[in-house]
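Structure first, commentary second.
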Amino acid sequence: MTPIQECLINKRTDVNPIWLMRQAGRYLPEFREIRKKNTNFIELCLNEELSEIITLQPLDRFKFDAAIIFSDILMIPFGMGQKVEFQKNFGPRLGEINKEEMFNLKETYFSDKLQPIYKLINNVKRNEKLKNKDVIGFVGAPWTLLVYMINKVSPKNGLSKFFFKDTSLIIDILEILDKFIKLHIKNQVEAGATIIQIFDSWAGLIENDFDKYLYKPTSSLVDYTKKLGVPVICFPRGISDYKVFCKVVKPSMVNIDYNVNLKNIISDVEIPIQGGLDPQILLTNKDMLNLEVNKYLEAFRDRPYVFNLGHGILPETKIEMVEELVKIVRNFK
Ligand code: CP3
C-alpha cells in the first residue's frame, strides 16, 4: 500500500507522506523552460508527452509521495465547449455559455476532447517512478467551476453583483456540471488515478444556500468517487465550518486552508487531514519554515496526516526551501 493510502485507509499516524498542491508549476525552472516554448496553456495540457514530463518533474527533484497530474480544473468547461484561454499576467478568461449546446453535448465528445489527459494518467501510472506512489487525478468542485463559467474571469476581487441574477442558468449549469465532472472522474479512475482531489478554491465566497452550492453538489461527487473504489480528498478553501462540511459530505480526507485553527480542527473533525501550511512561509527563511512545519507535524502527531500546503505553492518559491521542507517532514519523529 502507498504511504498516502496507509494514512487514508489504515489510519496510520506514524507516516507523514508529503506532496504539494501545484507542485508541477512555475516555481520550477524546468517547467518554465517548457512553458516558454509552449505559449498556449490549454494545448500544453493536451500534449500528453510534455504534460507527462511536467507531472514527473517535481517527483524527480523532491521524491514526493504522489504525482498530481499536470492539468487544470478549467479543462472541464473547455471539454464542455466553452472557450477557455489563459492570458499572460492575467489568468483565465472564459467565453460565452451556450446552454442548449451544453445540454445536448454528447459524453463521447467530451471524453474524446480530453483523451490526452487520460492517456497522460495511464502513462504516468505505468512509469517506474510511481512505484508505491499515488497518481492524483482532480476536478474542480461544481461551485468553483460555476464561478469561473459565469464570472468568466478569476473572482479575485469578489463576484459581480449580477452573478446570481439568472437563477435558472445557475440551476441548469450545476446539473450539467454534475454529469460531466462525474464523467471526468470516471475517465481518470479508469486511466489509473488512485486518488481524486476535489478543488473548491472559491468555496469561501459562498454566503447563503450552502446546501445548494456546497453540500449537495460536493456530496454527489464524493459518493460517486467512493463507489468507484477510490479515496476522495476535498479542499473547500476558505469555508468557516469544516466540522459541518466533513459531517455532511464525508470525504475520505479533507485538505485544510491556512486559516484553520489546529486545536479546533483536531476536535471538530475525525477523518484524516491534509495540508494547512501557508505557502507564504516558503518565502521566508529556514528557521521560520522549521518552526511552522513542526507546528503542523506536532499538532497531528496522533492523527493520520498528509503534509501539504493550505493553497498552491507560489511561483516565487525557492527550490532550496522546498528541499528543506521535505527534509523536515521526512526527519520528523
Ligand atoms: O501541480 C499541480 O497541482 C497540478 C496542476 C494544476 C494546475 N492547476 C496547473 C496550472 C492544478 C491542480 C490546478 C488547479 C487549479 N486551476 C485550481 C484549483 C487550485 C487553486 O489554485 O485554487 C484553480 C482555481 C485553477 C484555475 C487556474 N489555472 C488559474 C486561476 C490559473 C492562473 C493563475 C495562476 O496562478 O497561474 C491557472 C493556470 C495554471 N494552472 C498554471 C499551472 C501550472 C500556471 C500556468 C502558467 O504557466 O502560466
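Bear in mind that the values here come from a model prediction, so they are computed numbers and not experimental data. Read the numbers this way: they start at 1 and go in the same order the structure lists the ligands and their atoms.
By the 4.0 Å N-to-carboxylate-O rule, Lys247 lies too far from Asp268 to be salt-bridged with it. With respect to the salt-bridge test (charged N to carboxylate O, under 4.0 angstrom), the residues Lys286 and Glu320 qualify. Looking at Asp241 and Lys243, no side-chain N of the basic residue comes within less than 4.0 Å of a carboxylate O on the acidic one, giving no salt bridge.
For the pair Arg93 and Phe90, the cation-pi criterion (under 6.0 Å, within 45° of the ring axis) is fulfilled. In this structure, Lys113 forms a cation-pi arrangement with Phe78, its terminal cationic atom sitting closer than 6.0 Å to the ring centre and no more than 45° off the ring axis.
The CD1 atom of Ile266 sits 6.5 Å away from the CD1 atom of Ile273 when rounded to the nearest 0.5 Å. Residue Ile196 holds its CD1 atom at 8.5 Å from CG of Leu228, rounded to the nearest 0.5 Å.
The aromatic rings of Phe180 and Phe110 are tilted relative to each other, their planes meeting at an angle between 30° and 60°. Using cut-offs of 30° and 60° on the angle between ring planes, the pair Phe307 and Tyr305 is perpendicular.
Summary of contacts: the protein heavy atom closest to atom 34 (C) of ligand 1 is Arg26 NH2, 3.1 Å. For atom 26 (C) of ligand 1, the nearest non-hydrogen atom of the protein is Asp72 OD2, 3.5 Å. In this structure, atom 47 (O) of ligand 1 lies nearest to the protein heavy atom Arg35 NE, 2.6 Å. The single protein non-hydrogen atom nearest to atom 4 (C) of ligand 1 is Ile69 O, 3.3 Å, given as residue, atom name and distance. Of all protein heavy atoms, the one closest to atom 37 (C) of ligand 1 is Phe86 CE2, 3.3 Å. In terms of protein heavy-atom proximity, atom 10 (C) of ligand 1 is closest to Phe41 CZ, 3.4 Å. Ranking the protein heavy atoms by distance from atom 3 (O) of ligand 1 puts Arg22 N, 2.6 Å first. Closest protein heavy atom to atom 23 (C) of ligand 1: Ile73 CD1, 3.4 Å.
Between Ser154 and ligand 1, a contact under 3.5 Å exists for no N or O pair. Residue contacts with ligand 1: Gln23 is placed with a nitrogen or oxygen under 3.5 Å of a nitrogen or oxygen of the ligand (distance criterion only). For a threshold of 3.5 Å applied to N or O pairs, the pair formed by Tyr148 and ligand 1 contains no separation below that value.
The contact set between ligand 1 and Phe199, taken as ligand atoms under 4.0 Å from a residue heavy atom, comprises 12 (C), 18 (C), 19 (C). Close approach of ligand 1 to Pro92 (heavy-atom distance below 4.0 Å) involves ligand atoms 29 (C), 30 (C), 31 (C), 32 (C). Remark: ligand 1 atoms within the under-4.0 Å shell around heavy atoms of Ala24 are 1 (O), 43 (C). Ligand 1 places these atoms under 4.0 Å from at least one heavy atom of Phe70: 43 (C). Counting the atoms of ligand 1 from 1 in the order shown, those under 4.0 Å from a heavy atom of His311 are 20 (C), 21 (O), 22 (O).
Relative to atom 18 (C) of ligand 1, the option among Ser71, Ala67, Pro315, Ser201 with the closest non-hydrogen atom is Ser201. Considering only non-hydrogen atoms, atom 11 (C) of ligand 1 lies nearest to Phe138 out of Phe138, Trp19, Phe235.
The side chain to side chain donor-acceptor pair (under 3.5 Å) check on Asn151 picks up nothing, with sequence neighbours excluded.
Residues Asn123 and Glu48 share a closest heavy-atom pair of ND2-OE2, 4.5 Å.
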